[in-house]
Every structure is written in C-alpha cells, then in structure tokens.
Amino acid sequence: MREACIELCGMQFHSFHGCLEKERREGNDFVVDFRCRYDIGKAAESDDLQDTLDYSEIYDIVAAQMAVPSNLLESVASRIADAISAAHPELEHFEVKVSKKNPPVEGVAEMSAVTVRV
C-alpha cells in the first residue's frame with residue numbers, strides 16, 4: 001500500500017448560493033477544493049488511469065452540486081460530500097471546502113468557507 005493525498009484545488013464556479021435576495025439573483029463566485037487520502041500503489045506501478053481516482057469525475061460531481069442553489073454553504077458542502085461518497089464508496093477519508101468570494105459582510109473579507117470532512 002502506498003497512501004497519498006490526491007487534491008483538486010481551486011475549482012471555480014459562478015453560482016447562486018446565499019440567503020440574500022441579491023445573492024440568489026446575481027450570484028457570486030465560489031471556489032471548491034477537494035482532498036483525499038488514497039492508495040496509489042497500483043496506479044504507481046501500472047501508470048493507468050483505471051487504477052486511480054479520476055479527478056475529472058470529482059469535478060463533474062462538484063459542478064453538478066454547485067449548479068443547485070442553496071441558502072447555506074453548509075448545505076452545498078454537505079451535498080457535495082454525500083455525492084462523492086455515493087459515487088466513490090472506496091473513499092474513507094476526504095474533505096471538501098466550499099468558499100464564497102466577497103461574502104456580504106460589513107467590512108473586508110476575501111472569502112467565507114465551510115469544510116466538510118468525511
């Protein structure tokens with residue numbers, strides 16, 4: 001066994017998540033990061049995509065969930081984690097971080113974020 005960390009970072013989406021009417025109407029920019037622990041032993045030997053986690057599948061799952069408007073980042077991040085778990089039950093430990101750029105606060109804040117760990 002050769003455990004490694006596989007990551008897909010900085011996935012960017014313009015989505016319509018938020019509690020405020022303006023957020024739901026105009027949308028906002030979001031960044032999603034995925035990280036998992038994965039046994040890469042077989043893939044390291046074979047050099048074959050079939051023997052590892054195809055992160056394009058992870059991207060497609062994230063994109064589908066980001067297209068569903070939600071009030072809370074907690075809901076979005078949890079839905080993404082649930083969808084990844086359903087598609088890849090072999091993933092025992094992973095995390096999904098959903099960040100909202102320029103959150104609607106009275107002051108300067110680059111991002112707000114929620115991270116779900118499975």
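Residues Val62 and Leu8 fail the side-chain proximity criterion, which asks for heavy atoms closer than 4.5 Å. Residues Leu91 and Ser85 form no side-chain contact, since every pair of their non-hydrogen atoms from C-beta on lies 4.5 Å or further apart. Inter-residue side-chain proximity for Gln65 and Asp82 is flagged as unmet; no heavy-atom pair is nearer than 4.5 Å.
The neighbour count for Lys97 NZ, taken as heavy atoms of other residues, nucleotides or ligands under 6.0 Å away, does not exceed 12. Annotation: Glu90, atom CD; neighbour count of heavy atoms from other residues, nucleotides and ligands within 6.0 Å is above 12. Within a 6.0 Å radius of CZ in Phe16, more than 12 heavy atoms belonging to other residues, nucleotides or ligands are found. Other residues, nucleotides and ligands contribute more than 12 heavy atoms inside 6.0 Å of the CD atom of Glu74. Dense packing is recorded around CG of Asp48, with more than 12 heavy atoms of other residues, nucleotides or ligands lying under 6.0 Å away.
Rounded to the nearest 0.5 Å, atoms CD (Glu95) and SG (Cys5) are 8.0 Å apart. Summarising the geometry, atom OH belonging to Tyr38 is positioned 15.5 Å from atom CZ belonging to Arg2; distances are rounded to the nearest 0.5 Å. The CD atom of Glu26 lies 9.5 Å from the CD atom of Glu21; values are rounded to the nearest 0.5 Å.
With hydrogens and angles ignored, the 3.5 Å screen pairs no side-chain donor or acceptor of Arg79 with any backbone N or O of Ser70. Between the Glu23 side chain and the Cys19 main chain, a donor and an acceptor come within less than 3.5 Å of each other. Using a distance-only test at 3.5 Å, with no hydrogens or angles considered, a donor-acceptor pair links the side chain of His17 to the main chain of Met66. For the pair Asp39 (side chain) and Glu3 (backbone), a donor-acceptor distance under 3.5 Å is absent.
Listed by first then second residue, pairs satisfying ring pair (Phe, Tyr, Trp, His ring centres under 6.0 Å) with a partner in residues 96-118 number zero, not counting sequence neighbours.
Residues Tyr59 and Leu53 are members of one and the same hydrophobic cluster, defined by side-chain heavy-atom contacts under 4.5 angstrom among Ile, Leu, Val, Met, Phe, Trp and Tyr. Under a hydrophobic-cluster definition in which Ile, Leu, Val, Met, Phe, Trp and Tyr are linked whenever side-chain heavy atoms come within less than 4.5 Å, directly or via other members, Val118 and Ile84 are assigned to the same cluster. Connection of Met11 to Ile80 is established within a shared hydrophobic cluster, with ILVMFWY side chains joined at heavy-atom distances below 4.5 Å, either directly or through further cluster members. Linking Ile, Leu, Val, Met, Phe, Trp and Tyr residues whenever their side-chain heavy atoms come within less than 4.5 Å places Phe34 and Ile40 in a single cluster.
Looking at every heavy atom in both residues, Cys9 comes nearest to Asp33 through CA-OD1, 3.2 Å. Closest of all the heavy-atom pairs between Phe30 and Ser15 is CE1-O, 3.5 Å. Heavy atoms only, all atoms of each residue included: Ala81 and Val116 are closest at CB-CG1, 3.8 Å. Arg24 and Pro69 make their closest contact through NH2-CB, 3.5 Å (heavy atoms, listed as atom of the first residue, atom of the second, distance).
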Under the criterion side-chain contact (heavy atoms from CB on, under 4.5 Å), I'd like the reasoning laid out for Leu49 against Asp54: C-alpha separation, chi angles, the key distance, then a yes or no. CA-CA 7 Å; Leu49 180 60; Asp54 183 350; 3.9 Å; yes
Run the side-chain contact (heavy atoms from CB on, under 4.5 Å) check on Ile6 and Ile58 step by step: do they pass? CA-CA 11 Å; Ile6 295 179; Ile58 299 298; over 6 Å; no
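Look at Lys101 and Asp29 and you find no salt bridge, because none of the NZ, NE, NH1 or NH2 atoms lies under 4.0 Å from a carboxylate O.
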